[in-house]
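Just so it is clear: chains get the letters A, B, ... in the order the sequence lines come, proteins before strands, and each one is counted from 1.
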Number of protein chains: 2
Amino acid sequence: MARESVLDPRQEILRTAARLFQQQGYDGTSMNDVAAALKLSKGGLYHHFQSKDEILFNLMNHAMDITEEQVIAPVKSIANPEDRLRALIRRHIGVVLSERDREITVMLHENHPLTPALRKRINARKKDYVHFVENLIAEVQSNAQDARRGSPKKTVTPRAAAFALLGMINWIYQWYRPEGSLQEESLVQQYTEIFFQGAFG
Amino acid sequence: MARESVLDPRQEILRTAARLFQQQGYDGTSMNDVAAALKLSKGGLYHHFQSKDEILFNLMNHAMDITEEQVIAPVKSIANPEDRLRALIRRHIGVVLSERDREITVMLHENHPLTPALRKRINARKKDYVHFVENLIAEVQSNAQDARRGSPKKTVTPRAAAFALLGMINWIYQWYRPEGSLQEESLVQQYTEIFFQGAFG
C-alpha cells in the first residue's frame, strides 16, 4: 500500500493496531496479529510496546494529540469567539471524518479495558477538551447577551451545550458512510446551524 | 439483591450478561462467567442461549424493544407533531438515563462482533428508528413553515437534524454520572431548547 510519507515506527504500529481493532475487535486482536500485519518480529513489536494495553493507551493518547493539533491549536488564534466556535465545529467534524484518523479517534469512544491509572490520564485529557468547548460556548453566550443589551439567556448552560455539541459531532462515526449522501461540507453547515439556531430556526 | 418482580429467565440472563459486559468487557466475559453470576449450571444457561453471540444479539434486540415500548409507542398517539417530538426527546433521554435499562441500551453503541446476518437485523431496527425521528422532524419543519406562511427553511434537512438529535441524546452515556450536577429534568429541558432554538436562542 502506498503511504504518503515515512511514518515513525511507533506511529505505524499504532495505525495498524487501530485498523485491526476496528476490523476484528480489540479482544479479537493479539500482539501476534499486530506484529504479523506489520511484518515485524514479535521482539521488534515488543521493543516499542510492552503490551496491547500499552498500545491502546498510546492510541487514545494519540487521538487526543490529533484533537489538540487539528482542532484546539488552530482555533486558539481566532479572536472572535463565535468565529472560533464555528471553526472548532468545522475542524472537529473534519477529524471525525478524516479517513486517515478515523480508526484512531474512534478508540476514544469504545469501552475498552484500561488500567485505572491510564484511564484517569485519558479521561483528564477528554475533560480538558470538554472544558475548552464549554468556556468557548460561555464566551459566545456572553457576547450574544451583550448584543441583546443584557437580556440574559439562562436556560441553556455552557456545560449542557458543550455535551450536546460534542455528542452531535462524536456520534457521526456511528452512522457516517463515505459513500453516503450526507457529506462533510453539508454536515458542517447543517450542524453549525442546528447548534446556533436550532433545527427549525 | 431485591428485584421489583420475578423476571422471566431469558430476561434475567440478558440483564446479568449486560452487567458483566459493562464491568469486564464483552470479550472478557465467558459463558461460564454468565452462568456463575446467575448460579446456573452451564447446561441451564445453554438451554436458553447457545452462545455469547446469541446473548449479544438478543441484548441488542431487547434494547430496540425497549426503545419501541418506551419511546415510539407512547408518542405515536400524540397528535401535534411538535408535542410528539418534545415527548420523544424526553422519553429517549429517560431510556438513556434509566438505571434499569442503561446497561442494556449501551450495547447498541459498542462495536462488538455480530455475524453479518444478525448485524443486518439490528441495523434495520436502528434505521427504522432514525427514519421515525426523521419523519417526525420533517412534519414539525413543515408545520413551522406553514406558520411562517411558507417561507421555506431549506438549510437543515430532517436527516441531518435526526442524526444530530440522536447523537446529542445517545452520547449522554459517555459522560453522564448519576451523582453529577446535570440531572434528567434539566437535561431534557436544555437539550429540547438547543434542538428547537439553538444554544444561543
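Using a 4.5 Å cut-off between heavy atoms, B:Ile194 touches chain A through backbone and side chain atoms alike. Contact of A:Tyr173 with chain B is made through the side chain alone, with heavy-atom distances under 4.5 Å. Interface residue B:Gln22: backbone and side-chain heavy atoms are both found under 4.5 Å from chain A. Interface remark: B:Ile137 contributes backbone and side-chain atoms alike to the contact with chain A (heavy atom separation under 4.5 Å). Contact of B:Val140 with chain A is made through backbone and side chain together, with heavy-atom distances under 4.5 Å. Proximity to chain B is absent for every atom of A:Ile172, based on heavy atoms less than 4.5 angstrom apart.
In this structure, OG1 in B:Thr157 is found 3.5 Å from CD in A:Gln190, a value given to the nearest 0.5 Å.
Inter-residue side-chain proximity for A:Arg159 and B:Leu182 is flagged as met; some heavy-atom pair is nearer than 4.5 Å. B:His109 is listed as a side-chain neighbour of A:Gln174, based on a closest heavy-atom distance under 4.5 Å. Taking the side chain as every heavy atom from C-beta outward, A:Asn170 and B:Trp171 approach each other to under 4.5 Å.
In B:Arg121, the CZ atom is not crowded: 12 or fewer heavy atoms of neighbouring residues, nucleotides or ligands sit closer than 6.0 Å. Residue A:His47 places its NE2 atom among 12 or fewer non-hydrogen atoms of other residues, nucleotides or ligands, all under 6.0 Å distant. Within 6.0 Å of atom CD in A:Glu99, 12 or fewer heavy atoms from other residues, nucleotides or ligands are found, so the atom counts as exposed in its surroundings.
Each of B:Ser181, B:Ala161, B:Ala164, B:Gly28 has some count of heavy-atom pairs under 4.5 Å with chain A, and the biggest count is that of B:Ala164. Note on A:Phe163, A:Phe196, A:Phe21: by heavy-atom pairs under 4.5 Å with chain B, the leading option is A:Phe163.
With ring centers used as reference points, A:Phe200 lies under 6.0 Å from B:Phe195.
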